[in-house]
J.: 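Here's a structure for you.
This one's a predicted model, so the numbers in the text were calculated from it and none came from an experiment.
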Amino acid sequence: METSSMMTSWFRGVADTTGAEGEVDFGEVVVQLRGESVKCMLFCLRLSYPGKAVHRMFVSGGQEAFFEGHAHAFSVLCGVPFGKIRYDNLKAAVARVLGFPRARVETER
């Protein structure tokens, strides 16, 4: 039995999955601005591989900010993840988390 040929068939290089998946978080953060606590919204899009992330802070959590965050991230990353984008417990996209990681009920819209 030759070990090297077995290992080759079991493992696949991660280079094939570069840019395949991304994950978006959009939630509240509190920052200190001129000595005062200010509630803002932080948009984060992170690629699963190679782990590159783009962050953008907004003063409101409206739909425009959410879409602008995507547009900014796609511009910085020079493209869109070609597989899928997961929305991590985003209230606008996820109606209920089912307990198992990544299992969720999505909203109708």
Side-chain angles (χ1 to χ4, degrees):
M1 178 181 333
E2 188 175 314
T3 307
S4 63
S5 64
M6 285 179 54
M7 295 302 267
T8 304
S9 64
W10 287 9
F11 293 99
R12 190 174 132 204
V14 291
D16 296 348
T17 61
T18 301
E21 292 186 11
E23 185 169 314
V24 169
D25 286 304
F26 189 61
E28 291 181 357
V29 294
V30 177
V31 297
Q32 292 294 316
L33 188 60
R34 295 184 183 173
E36 293 185 35
S37 295
V38 178
K39 190 186 311 182
C40 297
M41 297 298 288
L42 178 64
F43 176 90
C44 173
L45 188 147
R46 186 181 70 80
L47 295 177
S48 298
Y49 179 81
K52 184 172 183 178
V54 178
H55 300 84
R56 190 116 199 213
M57 189 87 63
F58 297 95
V59 292
S60 72
Q63 203 172 41
E64 296 85 5
F66 183 68
F67 291 145
E68 185 179 325
H70 280 82
H72 174 71
F74 298 155
S75 174
V76 169
L77 297 171
C78 299
V80 177
F82 63 85
K84 59 184 152 190
I85 298 176
R86 298 177 197 263
Y87 293 91
D88 190 25
N89 300 334
L90 181 67
K91 288 180 185 177
V94 176
R96 187 179 69 202
V97 176
L98 301 175
F100 185 78
R102 306 252 188 244
R104 54 197 88 221
V105 176
E106 296 181 358
T107 59
E108 292 297 319
R109 53 183 188 142

J.: Do V59 and L33 sit in one hydrophobic cluster, given that two such residues count as connected whenever their side-chain heavy atoms are within less than 4.5 Å of each other, even indirectly?
T.: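 Hydrophobic grouping puts V59 apart from L33.
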J.: Go through the structure and list residues passing side chain to side chain donor-acceptor pair (under 3.5 Å) with H72, not counting sequence neighbours.
T.: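 H72 satisfies side chain to side chain donor-acceptor pair (under 3.5 Å) with R56 once adjacent residues are dropped.
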J.: Any idea which heavy atoms bring C40 and M57 closest together, and the distance?
T.: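 Between these two residues, the closest heavy atoms are CB-SD, 3.7 Å.
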J.: Around atom CD of Q32, are there more than 12 heavy atoms from other residues, nucleotides or ligands closer than 6.0 Å?
T.: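 Correct, the count exceeds 12.
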J.: Given side chains that start at C-beta, do those of K52 and R46 come closer than 4.5 Å, heavy atoms only?
T.: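 In short, these two side chains do not touch, never coming nearer than 4.5 Å.
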J.: Which atoms form the tightest heavy-atom contact between A73 and V54, and what is the distance?
T.: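 Taking every non-hydrogen atom into account, CA-CG1, 3.8 Å.
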J.: Please determine which of R86, K84, E23, E21 meets the side-chain contact (heavy atoms from CB on, under 4.5 Å) test together with S48.
T.: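 Of R86, K84, E23, E21, side-chain contact (heavy atoms from CB on, under 4.5 Å) with S48 is met by E21 alone.
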J.: Can you tell if the side chain of V76 reaches within under 4.5 Å of the side chain of L45, non-hydrogen atoms only?
T.: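 Answer no - side chains too far apart.
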J.: Do V24 and V80 sit in the same hydrophobic cluster, where Ile, Leu, Val, Met, Phe, Trp and Tyr count as joined when their side-chain heavy atoms come under 4.5 Å apart?
T.: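 V24 clusters together with V80.
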J.: Atom CG of L42 and atom CZ of F58: how far apart are they, to the nearest 0.5 Å?
T.: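 With rounding to 0.5 Å, CG (L42) is 9.0 Å from CZ (F58).
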J.: Restricting to non-hydrogen atoms, name the atom on F26 and the atom on G61 that form the minimum distance, rounded to 0.1 Å.
T.: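 In this case the closest contact between F26 and G61 is CE2-O, 3.8 Å.
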J.: Assign the ring pair F43 / F66 to parallel, tilted or perpendicular, where the plane angle (0 to 90°) is split at 30° and 60°.
T.: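 The arrangement is perpendicular - the two ring planes meet at more than 60°.
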